[in-house]
2 protein chains.
Amino acid sequence: MEKIKIEELSLAVQGLKALAHPARLSILCFLEDQKATVNKLVEFTGMSQSAVSQHLSKMKAFGILKDDRDGNQVYYSVTNPEFKKLISALCCIYTKKSN
Amino acid sequence: MEKIKIEELSLAVQGLKALAHPARLSILCFLEDQKATVNKLVEFTGMSQSAVSQHLSKMKAFGILKDDRDGNQVYYSVTNPEFKKLISALCCIYTKKSN
DNA sequence: TTATAATATTAAATAATTTTAAAGTTAGTA
DNA sequence: TACTAACTTTAAAATTATTTAATATTATAA
């Protein structure tokens, strides 16, 4: 495995930070196999609409999520399947199960 | 792939947070294939001894690193090979290369 | 012993992130 | 056009994380 170069490291850190929040990680898990509207995610997380929107835009900014508007609703989904691998590795560590 | 359960999620978040800092991530990369003393890591990172020590103990607290004392030196190393997979997935995302 | 090298801990100061609350958009509907 | 639903943005307040600086510990060496 190659080392992460120093320039890439700060990107990687930002990527990690974008995941390292309970609301964001649970949203990401939720979106693993489906897209969802902001409202749906507000319901799911129990957070304020504003907070959810801010978390979503942070994940979008770091290229984890993308959004698609349909009328007055906005659907969010995971862009890069590699992020699923990352979540998978996390699962593996924290559930002590292989996958 | 299984979902991360809600109880495990907060552990996973703490694990991610433990990685999501430039000093910590670069230390982790450095330790990927070798153990090292605190002093070595102070040199490598260019940070103060105290700061490095605090970062190391945070990573130790979350089970990412372990330490081994030898005389008056302390060697740090990565505990769980799964963390390497995680770093590997990160590499993959941020270098746009497969591995 | 005393001194020193290597590391850890603590507390205060600073910086970054998150939440809350209040407006502000955008798109559909009466 | 005016209204409402779905969402975003902004700014201030609250919280959490990091750095700094000083002190403490642990083990070896003089």
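Just so it is clear, the structure is predicted and the values come from calculations on it, not from any experiment.
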Exercise. Taking atom P of dA5(C) as reference, at what distance in whole Å does atom CD of Gln73(B) sit?
Worked result: 13 Å

Exercise. Do Tyr75(A) and Val78(A) belong to the same hydrophobic cluster, where Ile, Leu, Val, Met, Phe, Trp and Tyr are linked whenever their side-chain heavy atoms lie under 4.5 Å apart, directly or via other members?
Worked result: no

Problem set entry | No-hydrogen, no-angle side-chain donor-acceptor test under 3.5 Å, Gln54(A) and Ser50(A) | yes

Exercise. Arg24(A) side chain to Val52(A) main-chain N or O, any donor-acceptor pair under 3.5 Å?
Worked result: no

Seminar exercise, completed: Closest non-hydrogen atoms of Leu19(A) and Leu25(A), given as atom of the first, atom of the second and distance, are O-CB, 3.6 Å

Exercise. Does Asn39(B) place a side-chain N or O at less than 4.0 Å from the phosphate oxygens OP1/OP2 of dT7(C)?
Worked result: yes

For this session: Specify the separation, in whole Å, of atom CD of Gln14(B) and atom C1' of dT16(D).
Result: 13 Å

For this session: Could you check how far CE of Met59(A) sits from C1' of dT8(D), rounded to whole Å?
Result: 15 Å

Exercise. Rounded to whole angstrom units, what separation is found between the CD1 atom of Ile27(B) and the C1' atom of dT18(D)?
Worked result: 13 Å

Exercise. For Leu16(A) and dA17(D), what is the distance between atoms CG and P respectively, to the nearest whole Å?
Worked result: 15 Å

For this session: Using a heavy-atom cut-off of under 4.0 Å over every strand shown, decide if Tyr76(A) touches base, sugar-phosphate, or nothing.
Result: sugar-phosphate

Seminar exercise, completed: Whole-Å distance, Glu43(B) CD to dA6(C) P, equals 11 Å

Exercise. Does the side chain of Val38(B) reach to within under 4.5 Å of the side chain of Tyr76(B), using non-hydrogen atoms?
Worked result: yes

For this session: Would you check if the side chain of Arg69(A) reaches a backbone N or O of Gly71(A) as a donor-acceptor pair within less than 3.5 Å?
Result: yes

Exercise. Are the side chain of Thr79(B) and the backbone of Ile64(B) linked by a donor-acceptor contact shorter than 3.5 Å?
Worked result: yes

Exercise. Going through the distances and angles, do His55(B) and Met47(B) end up as a side-chain contact (heavy atoms from CB on, under 4.5 Å)?
Worked result: CA-CA 11 Å; His55(B) 285 304; Met47(B) 298 181 78; 3.8 Å; yes

Please tabulate the protein-to-nucleotide N/O contacts below 3.5 Å involving nucleotides 23-27 of chain C, giving atom names and distances.
none

Which atom pairs link the protein and nucleotides 17-22 of chain C when you take only N or O atoms and keep those under 3.5 Å?
{"from": "dT17(C)", "atom 1": "OP1", "to": "Lys17(A)", "atom 2": "NZ", "distance (Å)": "3.3"}
{"from": "dT18(C)", "atom 1": "OP1", "to": "Arg24(A)", "atom 2": "NH2", "distance (Å)": "3.2"}
{"from": "dT18(C)", "atom 1": "OP2", "to": "Arg24(A)", "atom 2": "NH1", "distance (Å)": "3.3"}
{"from": "dT18(C)", "atom 1": "OP2", "to": "Lys58(A)", "atom 2": "NZ", "distance (Å)": "2.6"}
{"from": "dT18(C)", "atom 1": "O3'", "to": "His21(A)", "atom 2": "NE2", "distance (Å)": "3.4"}
{"from": "dT19(C)", "atom 1": "OP2", "to": "His55(A)", "atom 2": "NE2", "distance (Å)": "2.8"}
{"from": "dT20(C)", "atom 1": "O4", "to": "Gln54(A)", "atom 2": "NE2", "distance (Å)": "3.0"}
{"from": "dA21(C)", "atom 1": "N6", "to": "Ser50(A)", "atom 2": "OG", "distance (Å)": "2.9"}

Problem set entry | Backbone N/O of Gln49(A) and side chain of Ser53(A): donor-acceptor pair under 3.5 Å | no

For this session: Please state how far atom CG in Leu19(B) lies from atom P in dA17(D), giving the value in whole angstrom units.
Result: 15 Å

